[in-house]
Amino acid sequence: MTISTTTHNNTIHPAIPDLIKSYHPELTAIRHDLHAHPEIGFEEVRTSGIVADKLASWGIEVHRNIGKTGVVGRLQGRFPGNRSIGLRADMDALPMPEETGLPFASVHPGRFHGCGHDVHTTILLGTARYLAETRNFGGTVTFIFQPAEEGLGGARAMIADGLFERFPVDEIYGLHNSTQSPPNHLHVSAGSVLAGADFFDVTFRGKGAHGAHPDVAHDPIPAITELVQALQTIVSRNVPPTEPAVLSVTQIAGGSAYNVIPETASVGGTIRAFSDDVRKLIRKRLTTIAQNIAAAHDLTADIDIRDIFSVLTNHADHVEIVADIGRKVLGQDQVSTAPKRAMGSEDFADFLQHAPGAFFTLGHTGTVPAHNPGFIVDDDILPVGATLFARLVESRLKAA
């Protein structure tokens with residue numbers, strides 16, 4: 001097996017096996033097809049069908065409908081071994097428009113792979129095909145294709161369906177594409193690297209009336225605007241300055257006509273922190289503030305706060321394992337392990353509570369960030385990501 005280490009136009013070319021390089025056209029076609037047919041969380045019927053059919057065609061044991069639309073593939077190496085590694089990719093798209101102008105843009109208005117999950121799915125398929133053809137390892141690989149990562153609890157759904165009881169793993173890894181790093185640059189760091197997150201909704205209920213007669217109404221509009229302002233004091237006046245936290249109001253609704261005082265008004269948003277104790281504090285303060293503002297305006301308050309994402313904590317030993325593979329595949333200067341936190345969230349965090357492992361990012365060309373209508377991923381990331389996953393398996397499940 002020959003390995004490419006050439007450079008061209010000052011771009012570092014990673015050490016990709018020839019076999020994986022040969023998959024690049026097919027992987028690109030798969031990715032473009034998935035991109036053109038995005039499916040949102042727990043609706044990934046077409047996507048999961050493609051995944052299951054591809055895995056089965058390569059001789060991989062397939063299990064479907066885990067966590068509703070999730071797929072698991074299991075592959076034994078050709079050497080004896082009792083250990084197992086899990087590799088995970090998410091499959092869902094976002095409920096948002098696409099404005100990329102790509103020839104393979106979404107055919108479904110209001111649905112878009114604006115985060116790169118089509119890339120993650122394709123990378124793991126490339127990994128699965130390579131390992132199925134080579135089987136140069138001892139033990140078992142579990143390929144986890146997860147639904148509904150975008151705030152709908154897909155990881156928790158798979159876990160509740162017995163994922164780790166049915167398919168136990170000794171360690172687990174996941175990746176995410178990134179425009180915040182140069183192409184082919186891997187970043188992984190130990191500890192809490194992505195925030196836990198709650199989503200909240202608060203609805204004030206009062207008494208509607210004609211806009212000309214506010215004296216006979218119990219108006220929720222001034223109360224809800226007061227609440228938005230008051231919520232901004234929770235982090236600044238309650239959370240210790242040494243504890244990063246964010247509370248963002250992202251939705252506000254109320255009223256339907258110019259001359260009608262509505263009976264209800266509502267706000268929604270997100271709470272994010274790296275400490276569960278801080279999250280509990282924010283939830284408590286939000287509830288107290290909302291209840292008291294409602295009472296002050298002779299309203300009632302419906303408060304719904306939902307734990308959506310756990311804090312994602314990478315295990316130090318497995319961070320170094322990923323970094324070592326990255327240096328071998330990408331080059332010494334293309335790997336960073338400096339501590340780095342982001343207030344974004346990822347439900348791979350829930351998998352890491354069941355098995356040690358690490359979540360890492362891989363850079364690609366492009367300047368438009370994820371979750372933007374113009375977000376584009378460079379297809380050159382596909383064989384690179386597949387190589388990193390494959391080398392992790394071959395390194396951690398060495399032939400006896």
Given 3.5 Å as the limit, does a donor-acceptor pair link the side chain of [X] with the main chain of [Y], or not?
X    : Y    : result
R111 : S106 : no
H213 : D215 : no
Q332 : R327 : no
D92  : E150 : yes
H24  : D379 : yes
S181 : S178 : no
D201 : D304 : no
T225 : P222 : yes
E44  : F42  : yes
D33  : A29  : no

Under 4.5 Å between side-chain heavy atoms, chaining through other members, with only Ile, Leu, Val, Met, Phe, Trp and Tyr counted: pull out the rest of the cluster around [X], sorted by chain and number.
X    : answer
V107 : none
F104 : L102, I376
F199 : I308, F309
F351 : I66, V72, I144, M158, I159, L163, F164, F167, V169, I172, V193, L194, L312, F348, L352, F359

Do the side-chain N and O atoms of [X] and [Y] include a donor-acceptor pair separated by under 3.5 angstrom?
X    : Y    : answer
T233 : R285 : no
E39  : T47  : yes
S275 : E243 : no
E98  : H113 : no

With D302, which residues qualify under salt bridge (charged side-chain N to carboxylate O under 4.0 Å, His left out), at least two apart? R205

Partners meeting salt bridge (charged side-chain N to carboxylate O under 4.0 Å, His left out) with E394 (sequence neighbours left out):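 E394 satisfies salt bridge (charged side-chain N to carboxylate O under 4.0 Å, His left out) with R391 only.
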
[X]: partners by side chain to side chain donor-acceptor pair (under 3.5 Å), with sequence neighbours left out:
X    : value
E263 : none
Q232 : none
S345 : R272

Which heavy-atom pair separates [X] from [Y] by the least distance, and what is that distance?
X    : Y    : answer
I20  : A390 : CD1-CB, 4.4 Å
F145 : L55  : CE1-CD1, 3.8 Å
Q334 : P183 : NE2-O, 3.1 Å

Check the pair T69 / S48 against side-chain hydrogen bond (donor to acceptor under 3.5 Å, both in side chains), numbers first and verdict last. CA-CA 7 Å; T69 47; S48 63; 5.7 Å; no

Within-4.5 Å side-chain heavy-atom neighbours: [X] and [Y]:
X    : Y    : result
F137 : K398 : no
T28  : L382 : yes
I325 : F389 : no
L125 : F143 : no
L186 : V335 : yes
P147 : K68  : no

Validation: residues 293-300 side-chain donor-acceptor distances under 3.5 Å, sequence neighbours left out:
| from | atom 1 | to | atom 2 | distance (Å) |
| --- | --- | --- | --- | --- |
| H297 | NE2 | E226 | OE1 | 2.8 |
| D298 | OD2 | H218 | NE2 | 3.3 |

Per the ring pair (Phe, Tyr, Trp, His ring centres under 6.0 Å) rule, what does the pair list look like for residues 170-198, sequence neighbours excluded?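 Those involving residues 170-198 are H120-H176.
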
Should [X] and [Y] count as an ion pair when the cut-off is N to O under 4.0 Å?
X    : Y    : answer
K54  : E26  : yes
K328 : D324 : yes
D170 : R396 : no

Quickly, which of K280, R279, R306 forms a salt bridge (charged side-chain N to carboxylate O under 4.0 Å, His left out) with D198? Name it, please. R279

Rounded to the nearest 0.5 Å, what's the gap from [atom1] on [X] to [atom2] on [Y]? Could you check?
X    : Y    : atom1 : atom2 : result
L392 : T127 : CG    : OG1   : 9.5 Å
D90  : D118 : CG    : CG    : 10.0 Å
T142 : H63  : OG1   : NE2   : 8.5 Å
I381 : L27  : CD1   : CG    : 12.5 Å
R46  : M91  : CZ    : CE    : 13.0 Å
K21  : L19  : NZ    : CG    : 11.0 Å

Do the side chains of [X] and [Y] join up, straight or via other hydrophobic residues, at under 4.5 Å, putting them in one cluster?
X    : Y    : value
V71  : I30  : yes
I289 : L281 : yes
V62  : V51  : yes

Step through the shown structure and confirm whether more than 12 heavy atoms of other residues, nucleotides or ligands are within 6.0 Å of CZ on R237.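 Atom CZ in R237 is not crowded, with 12 or fewer foreign heavy atoms closer than 6.0 Å.
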
Does a sphere of radius 6.0 Å around NZ in K340 hold more than 12 heavy atoms from other residues, nucleotides or ligands, not counting ones at 6.0 Å or beyond?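 More than 12 within 6.0 Å, yes.
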
Residue pair I221, I261: steps toward the side chain to side chain contact (heavy atoms under 4.5 Å, CB included) verdict: CA-CA 8 Å; I221 296 294; I261 294 173; 5.7 Å; no

Please evaluate residues I271 and F200 with respect to the criterion side chain to side chain contact (heavy atoms under 4.5 Å, CB included), reporting the C-alpha separation (whole Å), side-chain torsions for both, the decisive distance (0.1 Å), and the verdict. CA-CA 8 Å; I271 300 164; F200 67 85; 4.0 Å; yes

Residues that H371 engages under ring pair (Phe, Tyr, Trp, His ring centres under 6.0 Å), provided they are two or more places apart: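 Per chain and number, H371 pairs via ring pair (Phe, Tyr, Trp, His ring centres under 6.0 Å) with no residue.
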
Test side chain to side chain contact (heavy atoms under 4.5 Å, CB included) on L231 and L286 and set out the steps. CA-CA 7 Å; L231 292 182; L286 188 155; 3.9 Å; yes

Stepwise side chain to side chain contact (heavy atoms under 4.5 Å, CB included) test for D347 and R156: CA-CA 8 Å; D347 71 359; R156 294 177 185 179; over 6 Å; no

